[in-house]
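Remarks on the structure that follows.
Along the sequence shown, residues are numbered consecutively beginning with 1. Predicted model, so just to flag it, every value in this text is computed and none were measured. Atom set for the values below is all heavy atoms of this structure, side chains included, hydrogens, waters and symmetry mates excluded.
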Amino acid sequence: MEEENHSMEKGLLLVNKAERRESSETTITPFLIFTTFIIVSASYSFGIALGFTAGTMSSIMEDLDLSIAQFSVFGSLLTFGGMIGAIFSAIIADAFGRKMTLWVAEAFFISGWLAIAQAKNIILLDFGRFFVGTGVGLASYVVPVYIAEITPKNVRGTFTFSNQLLQNCGIATAYYIGNFVSWRTIALIGIIPCLIQFLGLFFIPESPRWLAKENRDEECEAVLQKLRGKEADIVKETREIMISVDATANISMQSLFKRKYTRQLTIGVGVMLLQQLCGSSGISYYAGSIFDLAGFPSRIGMTVLSIVVVPKALLGLIIVDRWGRRPLLMASAFGICLSCITLALAFGLKGVPGIVNFTPTMAFIGIMTYVMMFAAGLGALPWIIMSEIFPMDMKVVAGSLVTITNWFTGWIVSYCFNFMLIWSPTGTFVVFAIISGFTIVFAWCLVPETRGLTLEEIQLPRES
């Protein structure tokens, strides 16, 4: 009887120990948080770049004697540089690792911000904006991929969404301090998070999945153990990574268009196109101009936007792994659609007697709703989905293609936005409302739910 009780106690002890080890696989360790913070820190500079032109348009044009066409070129060079950076981002990340790609990105970020801060003419100003854009393009692919490859499946969406949170912190900073400091000072502030990441990269590990791809299995296992904690049982996760990497080999761009990759490619390109075609770059870059056009005080509008954009992104970070990717994407697109309709009505009724007094308020509500709903979902989710749906064999070429698609479309939208407002503010936001409505349909019909699945499990239906 005593032996039986002893055996039962020993069995329960083993079960409890196994349960503790199993649960420790998804433990959020301090080192994982630190690593993620370093990876996303440059996203703060990315956000400053996005919001840089919103409150500084008039002062830059006045200081350097620029026309509206010249300033539109300057604004759009961020996305043009992003497109150039995106061409090489996945290639560099695959050949030299995620960390090296971020170091290269920081070199462009820092040199670009310094050029803008010191600009005495349009040439140096444009070169600086282009360099910052190139850094953004390099980072925009590798940051979500890097985070997705180091985080446990149950918190992968939350950690990847932190990229968008830091971007919105940067946007909020640019919106707010743009009311009080010169545009040259804002450029110098943009360098600070770049220096944090540049130094911090020396203290974080390379992606375990990239190490496995390079046949550095021991390093892969050591890094994974460090990220998950000393008590974590990483045997299963390590085995899944090894099997996944061994079963794949990089494909060519031509092979990417084979029928078996059609669904992933359609989803990846589709969400990136729709993110930009709903007008996100134009509204982010020129929110202050829209306030002025509607007759609402731009300083008040930009200050309020700087206050609300971060909490809304924080809400998205909290609910992305609770709601799931697809419901949050649809809810975000629905809110953006309503905000565009509100903006279209605001400008459409601008000249109507008795209603004209409501135009500034309606425009303010429309812009505020747009920015908040974009921050809560559509801003981050295309990058999260991109980092999850592509298997290792197509991640390089597919990642490059969808990132280039995003930045090329953003370049077109950001350059044309001011001219579209001159053409018809009402028509501009009607177009964006229609595209946002289509985004809901696209997400419902095609976008898969990846919440709670490992990167390897997401690929099982495709391989089965």
Side-chain angles (χ1 to χ4, degrees), residues 36 38-52 76-94 97-110 112-113 129-149 159-171 190 193-194 197 201 207 268-269 271-277 280-281 284-285 313 374-375 378-390 395-414:
T36 304
I38 295 300
I39 294 170
V40 302
S41 57
S43 298
Y44 191 93
S45 185
F46 180 5
I48 293 176
L50 290 176
F52 183 76
S76 68
L77 279 173
L78 181 76
T79 45
F80 183 76
M83 180 179 64
I84 301 301
I87 294 174
F88 301 101
S89 179
I91 298 172
I92 297 173
D94 184 64
R98 295 11 176 175
K99 287 175 63 175
M100 181 57 69
T101 309
L102 288 177
W103 267 317
V104 174
E106 292 315 320
F108 281 99
F109 267 123
I110 294 171
W113 282 125
R129 184 76 167 173
F130 174 76
F131 277 15
V132 171
T134 304
V136 166
L138 289 167
S140 62
Y141 165 80
V142 75
V143 167
V145 169
Y146 199 167
I147 298 172
E149 290 180 346
F159 273 68
T160 309
F161 208 100
S162 65
N163 179 40
Q164 178 69 15
L165 177 63
L166 265 290
Q167 284 181 31
N168 280 277
C169 288
I171 291 172
C194 302
Q197 183 177 80
L201 285 169
S207 162
V269 172
V271 292
M272 291 297 187
L273 276 173
L274 293 169
Q275 182 199 54
Q276 292 291 353
L277 290 176
S280 57
S281 291
S284 295
Y285 293 180
F374 184 80
L378 194 57
L381 286 171
W383 298 103
I384 294 176
I385 292 168
M386 179 272 294
S387 70
E388 293 178 332
I389 63 172
F390 296 132
K395 187 162 281 188
V396 175
V397 289
S400 294
L401 180 62
V402 299
T403 308
I404 292 167
T405 299
N406 181 281
W407 287 110
F408 178 76
T409 311
W411 173 50
I412 298 297
V413 172
S414 61

Please list, chain by chain and in numerical order, all residues satisfying ring pair (Phe, Tyr, Trp, His ring centres under 6.0 Å) with F161, sequence neighbours excluded.
none

Is there side-chain contact between I48 and W113, with at least one heavy-atom pair below 4.5 Å?
yes

Side chains of Q197 and F109, heavy atoms from C-beta outward: is any pair under 4.5 Å?
no

With the side chain counted from C-beta on, respond yes when F88 and V104 share a heavy-atom pair under 4.5 Å apart, and no when they do not.
no

Any idea which heavy atoms bring A375 and N168 closest together, and the distance?
CB-OD1, 3.3 Å

Identify the two heavy atoms, one from A42 and one from E106, that lie closest to each other, and give their separation to 0.1 Å.
CB-OE2, 3.0 Å

Name all residues meeting the side chain to side chain donor-acceptor pair (under 3.5 Å) criterion together with T79; count only those two or more places apart in sequence or in a different chain, and write none if there are none.
S414

Specify the closest pair of heavy atoms between E149 and S207, including all atoms of both residues, with the distance to one decimal.
OE1-OG, 2.6 Å

Report yes if the side chains of V132 and F108 come closer than 4.5 Å at any heavy-atom pair, otherwise no.
no

Could you give the distance from OG1 (T134) to CE (M83), rounded to the nearest 0.5 Å?
10.0 Å

Please name the pair of heavy atoms, one in V143 and one in S43, separated by the smallest distance, quoted to 0.1 Å.
CG1-OG, 4.2 Å

Can you pull the side-chain hydrogen bond (donor to acceptor under 3.5 Å, both in side chains) pairs that have at least one residue in residues 84-93, sequence neighbours excluded?
none

Min side-chain heavy-atom separation V271-L381 under 4.5 Å:
no

Here the pair of heavy atoms bringing S45 nearest to C194 is OG-SG, 3.4 Å

Using a 4.5 Å cut-off on heavy atoms from C-beta on, say whether the side chain of Y141 contacts that of M386.
yes

Would you check, one step at a time, whether the test side chain to side chain contact (heavy atoms under 4.5 Å, CB included) holds for L78 with Y285?
CA-CA 10 Å; L78 181 76; Y285 293 180; 3.1 Å; yes

Supply the atom-to-atom distance N163 CG to Y44 OH, rounded to the nearest 0.5 angstrom.
14.5 Å

Partners of T36 by side chain to side chain donor-acceptor pair (under 3.5 Å), sequence neighbours excluded?
none

State, yes or no, whether a side-chain contact exists between V145 and R98 at a heavy-atom distance under 4.5 Å.
yes

Can you list the residues that meet the side chain to side chain donor-acceptor pair (under 3.5 Å) rule with T160, with sequence neighbours excluded?
none

Considering only distance and modelled atom types, tabulate donor-acceptor pairs under 3.5 Å from the side chains of residues 401-408, sequence neighbours left out.
from	atom 1	to	atom 2	distance (Å)
T403	OG1	G399	O	2.6
T405	OG1	L401	O	2.8
N406	OD1	Q276	NE2	3.1
N406	ND2	Q275	OE1	2.5
W407	NE1	S140	OG	3.0

